[in-house]
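Just below is one structure, and these are the notes that go with it.
We use all heavy atoms of the structure for the numbers below, so side chains are in, but hydrogens, waters and symmetry mates are not.
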Amino acid sequence: MYRFHPQHHKVRELLDAGRIGDVVSMHARFHFNMDRAPSEVRLQPNLEGGAVNDVGCYAIDIMNMVMGGPPTNVYAKGTSPSDPVETTVAAILDYNGVLGTFDCGFEGPRTNTFQIIGTEGQITLDKAFDPDPGESERVTVSLRTGQTEILDITEDHFKVEIERFSSVLACGHAAGIVNRELTEQNLAVRLAVHESLATRLPCKVGANEGG
């Protein structure tokens, strides 16, 4: 649902306009404090539990969306104080020289930020993945010149998602929505991240497809 919030369309406009120059690196963070329960599926390894599949997928998705494709290689490290799955994970994603990093987990206070560093400035999103519907979300553009632009954008992204889905059903086309390809790229990167977590080594994205 987060893809449908207009703050991300604004970020795309800013990047396409060259406001921060060439992208150098990206940094995403998504954490929340989980209320543990015996039936919590996100803590069960046989149900693909763990921080990467639950919240790390957002960070991977947004970086793929910015770069227009998946990274070539990933390197990840995970940990957990008591659970059989990694409940805190950090990773480096290499987009042919543009480095993306993310950390995510179930142990800390709620935070879901995203920052893009460019040669001429940076773009920061305070609530990139889990904005409050109907409340203003802030996009901050900080330039090397010292100029700062703050954009407060208000929308209910769940409402927009439903409207877009209804439009697809009514019109029979996706109206420019990136969906299946971006989702398949997300899965390929997550598979590589899990391989890196298991081997404790860097992993090439796509190397374990079909295995």
Side-chain angles (χ1 to χ4, degrees), residues 1-33 51-52 54-71 74-77 88-161 177-178 182-183 185-186 189-190 193:
M1 78 301 181
Y2 93 94
R3 297 179 189 170
F4 295 89
H5 197 286
Q7 65 177 330
H8 299 293
H9 301 294
K10 176 55 66 175
V11 169
R12 184 76 265 165
E13 290 176 5
L14 293 166
L15 292 173
D16 290 345
R19 287 295 303 279
I20 63 168
D22 297 326
V23 175
V24 175
S25 63
M26 302 172 289
H27 311 278
R29 176 166 288 172
F30 199 168
H31 293 261
F32 71 99
N33 198 317
V52 173
D54 188 57
V55 283
C57 58
Y58 289 85
I60 292 167
D61 192 69
I62 199 170
M63 289 192 281
N64 288 352
M65 192 158 57
V66 167
M67 297 305 298
V74 304
Y75 180 53
K77 173 67 177 178
T88 299
V89 174
I92 302 172
L93 284 59
D94 184 357
Y95 292 85
N96 290 309
V98 175
L99 296 181
T101 67
F102 76 83
D103 58 87
C104 62
F106 304 148
E107 313 293 348
R110 181 178 178 235
T111 181
N112 57 111
T113 61
F114 182 54
Q115 185 177 50
I116 307 171
I117 308 295
T119 53
E120 301 298 327
Q122 62 188 28
I123 300 171
T124 303
L125 280 64
D126 291 342
K127 292 183 179 180
F129 311 116
D130 191 21
D132 297 314
E135 293 190 3
S136 293
E137 309 305 341
R138 177 157 292 182
V139 177
T140 304
V141 183
S142 304
L143 302 179
R144 289 179 59 184
T145 59
Q147 178 186 359
T148 298
E149 181 180 2
I150 296 176
L151 306 168
D152 290 321
I153 303 173
T154 304
E155 186 55 271
D156 184 336
H157 48 299
F158 292 103
K159 175 176 174 288
V160 177
E161 181 183 31
I177 299 174
V178 179
L182 192 58
T183 300
Q185 292 171 356
N186 190 310
V189 178
R190 282 188 283 130
V193 168

Practice problem: Could you tell me whether the side chain of Ile20 reaches within less than 4.5 Å of the side chain of Leu14, counting heavy atoms only? | Solution: no
Practice problem: Would you mind reporting whether Thr124 and Arg138 have side-chain heavy atoms less than 4.5 Å apart? | Solution: no
Quiz item: Who passes salt bridge (Lys or Arg N to Asp or Glu O under 4.0 Å) against Arg190, sequence neighbours left out?
Solution: none
Quiz item: How long is the span from the SG atom in Cys104 to the NE2 atom in His31, to the nearest 0.5 Å?
Solution: 6.5 Å
Quiz item: Distance-only, no hydrogens or angles: does the Glu120 side chain make a donor-acceptor pair with backbone N or O of Arg144 under 3.5 Å?
Solution: no
Self-check item: 4.5 Å side-chain heavy-atom contact, Ile117 and Gln115
Solution: yes
Self-check item: Closest non-hydrogen atom pair between Asp61 and Leu182, with its separation
Solution: OD1-CG, 3.4 Å
Self-check item: Test ring-ring contact (aromatic ring centres under 6.0 Å, His included) applied to His8 - qualifying residues, sequence neighbours left out
Solution: Tyr2
Quiz prompt | Qualifying residues under ring-ring contact (aromatic ring centres under 6.0 Å, His included), relative to His157, sequence neighbours excluded | solution = His5
Quiz prompt | From Ile150 atom CD1 to Thr140 atom OG1, the distance as rounded to the nearest 0.5 Å | solution = 5.0 Å
Exercise. Hey, could you give me the NZ/OG1 distance between Lys77 and Thr88, rounded to the nearest 0.5 Å?
Key: 12.0 Å
Exercise. Taking the side chain as every heavy atom from C-beta outward, state whether Ile123 and Leu125 have any atom pair closer than 4.5 Å.
Key: yes
Quiz item: Can you tell me how far the OG1 atom of Thr148 sits from the CG atom of Leu143, to the nearest 0.5 Å?
Solution: 7.0 Å
Practice problem: Scan residues 89-109 for pairs that pass ring pair (Phe, Tyr, Trp, His ring centres under 6.0 Å), counting only residues two or more places apart or in two chains. | Solution: Phe32-Phe106
Quiz prompt | Qualifying residues under side-chain hydrogen bond (donor to acceptor under 3.5 Å, both in side chains), relative to Ser142, sequence neighbours excluded | solution = none
Practice problem: Measure across Ser136 and Asp152 and return the closest heavy-atom pair with its distance rounded to 0.1 Å. | Solution: CB-CB, 4.1 Å
Practice problem: Sequence neighbours left out, what passes side-chain hydrogen bond (donor to acceptor under 3.5 Å, both in side chains) with Lys159? Give chain and number order. | Solution: Glu163
Quiz prompt | For Asp22, all residues meeting salt bridge (Lys or Arg N to Asp or Glu O under 4.0 Å), sequence neighbours excluded | solution = none
Quiz item: So which heavy atom on Pro131 is nearest to which on Gln7, and how close?
Solution: CG-NE2, 4.2 Å
Quiz item: Under 30°, 30 to 60°, or over 60°: which ring-plane class applies to Phe129 and Phe114, parallel, tilted or perpendicular?
Solution: tilted
Exercise. Return the set of residues passing side-chain contact (heavy atoms from CB on, under 4.5 Å) with Glu149 (not counting sequence neighbours), or none when no residue passes.
Key: Arg19, Val141, Leu151
Quiz prompt | All salt bridge (Lys or Arg N to Asp or Glu O under 4.0 Å) counterparts of Asp126, not counting sequence neighbours | solution = none
Quiz prompt | Closest approach of Val193 to Ala76 (non-hydrogen atoms, all atoms of both residues) | solution = CG1-CB, 3.8 Å
Quiz prompt | salt bridge (Lys or Arg N to Asp or Glu O under 4.0 Å) partners of Glu161, counting only residues at least two apart | solution = none
Quiz item: Can you check whether Asn96 reaches Met67 side chain to side chain, under 4.5 Å on heavy atoms?
Solution: no
Quiz prompt | Where Ile153 and Pro6 come nearest, the two heavy atoms and their spacing | solution = CG2-CG, 3.7 Å
Quiz item: Is atom CZ of Arg12 surrounded by more than 12 heavy atoms (other residues, nucleotides or ligands) closer than 6.0 Å?
Solution: yes
Quiz prompt | Check: Val74 and Asp94 side chains under 4.5 Å, non-hydrogen atoms | solution = no
Quiz item: Of the non-hydrogen atoms in Asn64 and Pro71, which two are nearest, and what is the gap between them?
Solution: OD1-CD, 3.4 Å
Quiz item: Looking at residues at least two apart in the chain, or sitting in another chain, which of them share a side-chain contact (heavy atoms from CB on, under 4.5 Å) with Val160?
Solution: Phe4, Glu155, Arg164
Practice problem: Taking side-chain hydrogen bond (donor to acceptor under 3.5 Å, both in side chains) as the test, write out the residues that go with Asp130, two or more places apart. | Solution: Arg110
Quiz prompt | Under 3.5 Å: donor-acceptor pair, side chain of Asn112, backbone of Phe30 | solution = no
Quiz item: Looking at NZ of Lys127 and OG1 of Thr113, how far apart are the two atoms once the value is rounded to the nearest 0.5 Å?
Solution: 12.0 Å
